[in-house]
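For reference, the structure is listed below as structure tokens.
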Amino acid sequence: MKLPILIHPDPRLKKVCDPVPDLSDDLRTLAKDMLETMYDAPGIGLAAPQVGVLSRLIVVDCIKDEESTPRPLIMFNPEILASSDDLSVYEEGCLSIPDQFADVTRPEAVKVAWIDENGNSKEEEFDGLWATCVQHEIDHLNGKLFIDYLKPLKRQMITRKMVKLKREMARA
Ligand code: K1U
Ligand code: ZN
């Protein structure tokens, strides 16, 4: 089932999300619905608060090439264990901030631990777009958006555009 994605500004996108204490069928269904919503958008990641659920759950799949095999990852309680000193810049977007893009600098590689949909503990080092995306999604779980890395004036400009967009969407 496709889920509606919250648009910034929304107080739920500013909250620190709660750890998931135990997996349940409801949470597994939520993760599958988030993947469906992400692929449909289309996007390469999605965090639970973006669909109004304040739990530490993200989904990612950075395989953009349609000929390659998809690699959907469901991550409960994802945690960054280590970050590289090397940095990389990527022009980020966000499904909660449609049609707005800006350069964000982040560590080029990160080691991440998480619990998968079967309850298994996982650990993997990500680099490139995967590292950027996982960091962007974990930021969502801490109430942080990519525009929080921008200068205040640029952030305000984007926020004003989103307020206007939400007003127009409510009228339509
Ligand atoms: O969290 C989100 O809002 C999803 C976001 C993730 C992301 C994008 C870019 C850098 C870091 C994290 C998106 O997926 S925006 C859409 C997007 O980037 C994309 C869409 C289709 C093909 C390729 C990329
Ligand atoms: Zn986002």
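Note that ligands are numbered from 1 as they come in the structure, with each ligand's atoms numbered from 1 the same way. Only this structure's heavy atoms are used, side chains among them; waters, hydrogens and symmetry mates stay out.
- For H140 atom NE2 and C94 atom SG, the angle they make at the Zn ion (ligand 2) is roughly 110°, to 10 degrees.
- E92 CG, 3.6 Å is the protein heavy atom nearest to atom 10 (C) of ligand 1.
- Short contacts between ligand 1 and P42, defined as distances under 4.0 Å to a heavy atom of the residue, involve ligand atoms 16 (C), 20 (C), 21 (C).
- The protein non-hydrogen atom at the shortest distance from atom 9 (C) of ligand 1 is G93 N, 3.7 Å.
- Numbered from 1 in the order shown, with element, the atoms of ligand 1 that lie under 4.0 Å from a heavy atom of C94 read 3 (O), 15 (S).
- Distance from atom 13 (C) of ligand 1 to its nearest protein heavy atom, with residue and atom name: I44 N, 3.9 Å.
- Those atoms of ligand 1 with a heavy atom of G45 less than 4.0 angstrom away are 1 (O), 2 (C), 4 (C), 14 (O).
- Other residues, nucleotides and ligands contribute at most 12 non-hydrogen atoms within 6.0 Å of the CG atom of D85.
- Contact atoms of ligand 1 toward Q50: 1 (O), 2 (C), 3 (O) (distance under 4.0 Å to a heavy atom of the residue).
- Counting heavy-atom neighbours within 6.0 Å of L153 CG, excluding the residue itself, gives a total of 12 or less.
- Of the candidates E91, H140, H136, H136 brings a heavy atom nearest to atom 12 (C) of ligand 1.
- At the shortest separation from atom 22 (C) of ligand 1 among protein heavy atoms lies K64 CD, 4.0 Å.
- The stretch residues 8-31 participates, sequence neighbours left out, in these side-chain hydrogen bond (donor to acceptor under 3.5 Å, both in side chains) pairs: H8-T159, D10-R12, K14-D148, D25-R28.
- Annotation: atom 3 (O) of ligand 1 to nearest protein heavy atom, L95 N, 2.7 Å.
- Within 6.0 Å of the CD atom in E108, the count of heavy atoms belonging to other residues, nucleotides or ligands exceeds 12.
- Aromatic ring pairs are classed by plane angle as parallel below 30°, tilted from 30° to 60° and perpendicular above 60°; the pair W130 and F126 is parallel.
- Annotation: cation-pi geometry not satisfied between R56 and W114 (NZ/CZ under 6.0 angstrom from ring centroid, within 45° of ring axis).
- Of the N and O atoms on the side chains of D139 and Y149, at least one donor lies less than 3.5 Å from an acceptor on the other residue.
- Residue-level check: among N/O/S atoms of H136, NE2 sits closest to the Zn ion (ligand 2).
- Residue pairs meeting the ring-ring contact (aromatic ring centres under 6.0 Å, His included) criterion with at least one member in residues 58-107: none, sequence neighbours excluded.
- Of the protein's heavy atoms, E137 OE2, 2.6 Å lies nearest to atom 1 (O) of ligand 1.
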> Given K164 and E168, is the salt bridge (charged side-chain N to carboxylate O under 4.0 Å, His left out) satisfied, shown in steps?
Replying inline: CA-CA 6 Å; K164 190 161 168 258; E168 284 162 8; 3.8 Å; yes
